[in-house]
Enquirer: 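Below is a structure I'd like to ask you about.
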Amino acid sequence: MIDASKPASPRMVWGVAALLTALSDALQARFPVITVQGELSGFTRAASGHCYFSLKDAEGQPAMLRCAMFRRAASLVDFAPRDGMTVELRGRLDLYGPRGELQFIVEAMRRSGEGALYEQFLRLKAKLESLGYFDAERKRPPPPYARRIGVVTSTGAAALQDVLTALRRRAPHARVFLYPTLVQGNEAPAAIVRALATANERADAEVLLLVRGGGSLEDLWAFNDERVVQAVAESPLPVICGVGHETDITLADLAADLRAPTPTAAAELATVSRQQCLETLEALERQLVRRVEQRLDGAAQRLDRLALRLARPGDALARQRRRLDLLSQRLGQVTPRTVSLESQRLRHLEQRLNQTAPRVATLETQRLKHLAQRLDRALPQQAQRGAHRLDALEARLQALDPRQVLARGYAWLDDGQGRALSSVDQLHEGQDLRAVLADGEAEMKVGRVVRRDV
């Protein structure tokens, strides 16, 4: 083995394989694992699962690096790599001996700047979702047979041509209104909002298609702008959003009334194909013809029956005449018998009433006599109980009469104003008093007050 770390002798002659091996070892020693950023070019995936492509300088410098990513590393990539996409590759440098080419062995690949942008995407998605912009209840279905379709996109975008081609194929009768706007860059969000506002203000279309071709997360970032999402969600006209490829999802897609995986699919969702319309019309025509034939057959059968009935009207009159004669005979036979039965029934009811009336009157008379006897017995008893109660109340009233107390030698003292005196604390010498006795009153004056301890 040749030690690549030692300087080579000027006279040493290298073999090609040995030189390439030494250079490969030197590269791996100098650059063990590195990360490089650039733009994908010529990306291909072999049947074995290995991927081969070139990485161009992202700043536009004329530099290119050949890359190889083996099947195991390729299976770990969580997006679909495409030409023109800016990526960051992690791996190691190596020399491919059979062609003596420098190549980069890729161990991991991710979109450039995707981490920060994706975190911003998730934060904005959570905020707008809390505001209800993505609720299914507010989404409206597009009109099934739209005859006026508005397209909001760039005039130079390939997506516009895809939409026009699909509309010419599926609905050549539909009119298309274009509302041009920028779809990429810092000024794109404001331009998209203005285009949507113009489309809703003019109201030329029945449904709006907001479309753009594929690209990286940075390329599609205008459709993740909060202003654009709000304009899409609050659009009076239904909006079908077809931005990027099937794997690309933007916040405008989530806010739109309907999301299409591609611009072409957006045009297909906004229209019903001409062939399908013709097939529907043919089916309706067949159904209408069948219904008319059924109605005509039923009317013909009914007409035949009526014609048979009108062919011999004398037979119908004869049948009605025979029925009338039969009813007349039954009436003549039944009426006398019925009258006799009703007369007998009335006489029987009259006899029962005559028999029952005296008995009912007797029972009522007996009941009234019994009630009168009970009333005669109850009145004296009630009066006696009332007299006893009145006497008891009178005795209680006399016992509580103050005059009875005065008759036993007691007197009532007050201050001459009617206020009763019950304590020596209410008296003082020289005070005028009034004494009420059983048979009169006396005016008095206090000479001396003596308190007696009880």
Side-chain angles (χ1 to χ4, degrees), residues 1-2 4-5 15-122 158-159 184 212-221 223-224 243-250 253 261-263 265:
M1 297 295 294
I2 300 174
S5 62
V16 175
L19 178 60
L20 293 175
T21 300
L23 290 174
S24 177
D25 293 340
L27 285 173
Q28 293 182 14
R30 177 68 178 81
F31 304 100
V33 177
I34 61 174
T35 301
V36 62
Q37 177 180 327
E39 183 179 321
L40 293 179
S41 176
F43 186 90
T44 58
R45 188 186 298 270
S48 61
H50 305 325
C51 299
Y52 303 96
F53 53 91
S54 297
L55 192 66
K56 298 191 298 183
D57 187 79
E59 303 297 331
Q61 298 295 326
M64 182 176 293
L65 178 64
R66 300 281 297 178
C67 302
M69 183 169 57
F70 299 123
R71 180 175 59 187
R72 180 179 176 280
S75 65
L76 300 177
V77 178
D78 57 356
F79 63 95
R82 298 187 301 274
D83 290 352
M85 184 180 294
T86 302
V87 295
E88 291 182 2
L89 307 178
R90 184 173 60 83
R92 55 186 173 82
L93 289 171
D94 194 10
L95 283 174
Y96 183 59
R99 288 199 294 268
E101 295 180 349
L102 177 68
Q103 67 176 1
F104 188 71
I105 306 302
V106 180
E107 297 177 356
M109 176 190 295
R110 70 173 185 175
R111 294 182 179 182
S112 179
E114 180 184 8
L117 278 179
Y118 190 65
E119 290 180 2
Q120 184 178 352
F121 173 87
L122 293 179
Q184 184 174 342
R212 187 207 187 280
S216 63
L217 184 61
E218 296 91 338
D219 297 337
L220 304 180
W221 193 251
F223 295 89
N224 293 322
V243 176
H245 298 283
E246 188 169 359
T247 57
D248 297 322
I249 298 180
T250 66
D253 290 324
T262 61

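No hydrogens, no waters, no symmetry mates; every other heavy atom, side chains included, goes into these values. Values in this document were obtained by computation on a predicted structure and should not be read as measured data.
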Enquirer: Give a yes or no answer on whether the side chain of D57 reaches the backbone of P62 with a donor-acceptor pair at less than 3.5 Å.
Expert: no
Enquirer: Determine which pairs satisfy side-chain hydrogen bond (donor to acceptor under 3.5 Å, both in side chains) with at least one residue from residues 32-41, sequence neighbours left out, and list them in order.
Expert: Q37-S112
Enquirer: Residues two or more places apart in sequence or in another chain: which of them pass side-chain contact (heavy atoms from CB on, under 4.5 Å) with I34?
Expert: F31, L93, F104
Enquirer: In Å and rounded to the nearest 0.5 Å, what is the CZ to CG distance from R212 to D219?
Expert: 5.5 Å
Enquirer: Looking at residues at least two apart in the chain, or sitting in another chain, which of them share a side-chain contact (heavy atoms from CB on, under 4.5 Å) with A265?
Expert: A260, P261, T262
Enquirer: Could you list the residues that satisfy side-chain contact (heavy atoms from CB on, under 4.5 Å) with L95, not counting sequence neighbours?
Expert: L20, L23, S24, L27, L102
Enquirer: Quick check: closest heavy atoms across P81 and R45, and the distance to 0.1 Å?
Expert: CD-NH2, 4.4 Å
Enquirer: Under the ring-ring contact (aromatic ring centres under 6.0 Å, His included) rule, collect the residues that match up with F53, sequence neighbours excluded.
Expert: F43
Enquirer: Hey, could you give me the CZ/CE distance between F79 and M109, rounded to the nearest 0.5 Å?
Expert: 5.5 Å
Enquirer: Side chain to side chain contact (heavy atoms under 4.5 Å, CB included), that's the test. Do I105 and F70 meet it? Break it down for me.
Expert: CA-CA 8 Å; I105 306 302; F70 299 123; 3.8 Å; yes
Enquirer: Does S48 have any side-chain contact (heavy atoms from CB on, under 4.5 Å) partners at least two apart in sequence or in another chain, and if so, which?
Expert: A46, H50
Enquirer: Using modelled atom types only, decide if a donor and an acceptor are shared between the side chain of R72 and the backbone of A74 within a distance under 3.5 Å.
Expert: no
Enquirer: Taking atom CZ as the centre, does R71 end up with more than 12 heavy-atom neighbours from other residues, nucleotides or ligands that are less than 6.0 angstrom away?
Expert: no
Enquirer: Calculate, to the nearest 0.5 Å, the distance between atoms CZ and CG belonging to R110 and L76 respectively.
Expert: 15.0 Å
Enquirer: Please name the pair of heavy atoms, one in A159 and one in G213, separated by the smallest distance, quoted to 0.1 Å.
Expert: CB-N, 3.7 Å
Enquirer: Roughly how far, to the nearest 0.5 Å, is the CG atom of L89 from the CD atom of E107?
Expert: 11.0 Å
Enquirer: Closest approach of C67 and L55, non-hydrogen atoms and distance?
Expert: SG-CB, 3.9 Å
Enquirer: Please report the interatomic distance CZ(R66) to CG(D94), rounded to the nearest 0.5 Å.
Expert: 14.0 Å
Enquirer: When rounded to the nearest 0.5 angstrom, what is the spacing between CG in L220 and CZ in F121?
Expert: 10.5 Å
